[in-house]
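Have a look at the structure below, then the notes.
So you know, we letter chains A, B, ... as the sequences are listed, proteins then strands, and number each from 1. Worth saying up front: this structure is predicted, and the values here are computed from it rather than measured.
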Amino acid sequence: MSEENETSVFDVLKKINDNAWEVPVGFKPGMNVPGRIFVSESLLHLLDMGTLDQVANVAILPGIQRYSMAMPDAHLGYGFPIGGVAAFDKHSGIISPGGVGFDINCGVRLIRSNLTEQDVRPKLSGLLDELFEVIPTGVGSKGRLKVSDAELDDIFVHGVQWAVDNGYGVKADIGHCESKGQMSGADPSTVSLRARKRGRPQIGTLGSGNHFLEVQYIDKIYDEEAASAMGLREGQVTFMIHCGSRGAGHQICTDHLQVLAQASKKYGIPLPDKQLACAPAQSKEAQDYFKAMVCAANYAWVNRHVIMHWTREVFERHFAADHGDLGLDLVYDVAHNIAKLEEHKINGKNTEVYVHRKGATRAFPPGHPDLPEDYLVVGQPVLIPGSMGTPSYVLCSTEDSMDISFGSACHGAGRVMSRKHAKKELIGEDIRDELSSRGILVRATQPSLIAEEAPAVYKSSSEVVDVVHDLGIARKVARLLPMGVIKG
DNA sequence: ATGTAC
């Protein structure tokens, strides 16, 4: 509820349809395009004015195309909102680290199995204990994997290909990663010594905050055809990995933000907010950031790949003797903090744009050339993790996603209560016991983290997913319920 | 998100 003398989001927004609202160009001086917020009326009550303001600020940046967008899980971020999508012309536009976020290529992957919920439930506690032991978690955690400086370069440049060549995962995994887990254009010389030093010991570590490794089972299939193409069926056990580029990506973002703050001045770009530091897309400063961002993105794919590999090994130790081939296939891996050069149809013309997705998932439609062959007919899988203890969703992209949202969808539930507030209001042990009574086991480095990540501090993942489903960006395929979760 | 302040 807003105070009487405060402007509310309802005063500003113009309704386009039940799930799309416009921030008019007149809202702020200098807006090149309108803002567009994809949200239902009920979720609109959770949208704060600061997030709307950030959507408008992004619309002021040069070369932005069509509109500055926010997904239904949008909330306040560094400069750009989290849940924001913005496309900038390759020539007249800009590139901005704030449009990607500190955790470059934070993302999610889903692995299916031949196991059922009944197979896993009796062994769940031991399984989680071993996973918690095997996967390094928490702030500053270091991995079991020691890589040399030369190997780190290989990881930056070759991503998942490096992982597979070195015995982590299999060849079939590659095609099921967005961009094959190896974006081109990496240049390790744009990565500072400090970023390398932070990155070297952290391959195969989960990190902290909302990052997790979760054992789940499918309780509902919405779309049989798409589910079948993805090898998903009711009762099946899956596991999901949510993490990013750790200290390496964070340091790369920090380093290049400094350079781009100067560059914004040098190129005379009007910034409504210093956190929107950016440079013309073709400038050396912007391209150097982009090359370093690609290094971090490839690093993050390797990170998720190594964690997947160790998790597969733990599953095999627990279940292979009784169940034979466990069919632990990678369904898909999506990035949700990344900028990419893509071709989109704008005003009827194919145009190259740098699409910034920050807390937003790529959602390319059926038939798109970047999709692997087995998903060409159903469209790209879109993975939406729930918050701890709530359902996650698998969706598939639809024909209209390119036209509506530059081929993008939401990325999760979206926080509604600050970490600080959550720690004050909630008791970690109570949440853990409550989840345990519902059959959901949690392993975390400390109880306060459970409080910070409690279901109550997030929007409902179901409500968020319904918005993109109803909009026609991506349609629901399967619902995944948590059984056990590892948190940093 | 993050060697949670260099």
Side-chain angles (χ1 to χ4, degrees), chain A residues 51 54 71 73-84 96-109 135-143 152 191-213 241-258 261 275 277 289 292-293 295-297 299-301 303-304 307 334-339 356-361 385 387-388 411-424 428 444-453 457-458 486-488:
Chain A
T51 309
Q54 291 191 323
M71 291 294 154
D73 47 342
H75 56 108
L76 208 65
Y78 181 90
F80 288 59
I82 293 165
S96 175
V100 172
F102 276 86
D103 192 3
I104 297 164
N105 190 7
C106 184
V108 183
R109 66 171 52 190
I135 314 292
T137 55
V139 178
S141 57
K142 292 180 180 180
L152 187 64
V191 178
S192 71
L193 212 62
R194 189 185 275 193
R196 303 177 70 93
K197 201 179 163 193
R198 287 179 70 178
R200 260 183 69 177
Q202 292 191 316
I203 299 280
T205 66
L206 195 59
S208 183
N210 63 357
H211 291 166
F212 64 74
L213 164 62
I241 296 164
H242 177 200
C243 65
S245 50
R246 309 285 285 108
H250 191 274
Q251 191 62 48
I252 285 170
C253 180
T254 304
D255 293 337
H256 286 266
L257 269 172
Q258 282 184 2
Q275 296 184 350
Y289 163 68
M293 183 215 74
C295 291
Y299 178 101
W301 273 306
N303 191 27
R304 291 196 285 276
I307 292 172
V334 290
H336 57 222
N337 277 13
I338 204 159
H356 293 57
R357 297 188 181 91
K358 181 191 192 177
T361 308
S387 53
M388 190 175 59
H411 87 306
R415 185 170 277 279
V416 287
M417 192 193 290
S418 73
R419 290 187 180 279
K420 202 174 152 185
H421 196 80
K423 260 204 247 193
K424 212 172 125 185
T445 44
Q446 49 193 330
S448 65
L449 187 100
I450 304 180
E452 290 178 35
E453 291 293 317
V457 312
Y458 283 94
I486 307 292
K487 300 283 289 185

Test item: A:C243 and A:R304 side chains (from C-beta on) under 4.5 Å apart, heavy atoms
yes
Side chains of A:D255 and A:Q251: closer than 4.5 Å at any heavy-atom pair?
yes
[X] [atom1] to [N] [atom2]: how many Å, rounded?
| X | N | atom1 | atom2 | answer |
| --- | --- | --- | --- | --- |
| A:L257 | B:dC6 | CG | P | 13 Å |
| A:K197 | B:dT2 | NZ | P | 19 Å |
| A:R194 | B:dT2 | CZ | P | 17 Å |
| A:L206 | B:dT2 | CG | C1' | 14 Å |
| A:K420 | B:dT4 | NZ | P | 17 Å |
| A:Y78 | B:dT2 | OH | P | 17 Å |
| A:H250 | B:dC6 | NE2 | P | 9 Å |
| A:N303 | B:dT2 | CG | P | 10 Å |

Can you sort out the partners of A:H75 under ring pair (Phe, Tyr, Trp, His ring centres under 6.0 Å), two or more places apart, ordered by chain and number?
none
Taking only residues two or more places apart in sequence or in another chain, which ones pass ring pair (Phe, Tyr, Trp, His ring centres under 6.0 Å) with A:F102?
A:Y78, A:H250
Base, sugar-phosphate, or nothing: which does [X] touch, judged by heavy atoms less than 4.0 Å apart?
| X | value |
| --- | --- |
| A:G209 | sugar-phosphate |
| A:E452 | nothing |
| A:S208 | sugar-phosphate |

Would you indicate, yes or no, if B:dT2 has its OP1 or OP2 atom less than 4.0 angstrom from a side-chain nitrogen or oxygen of A:R246?
yes
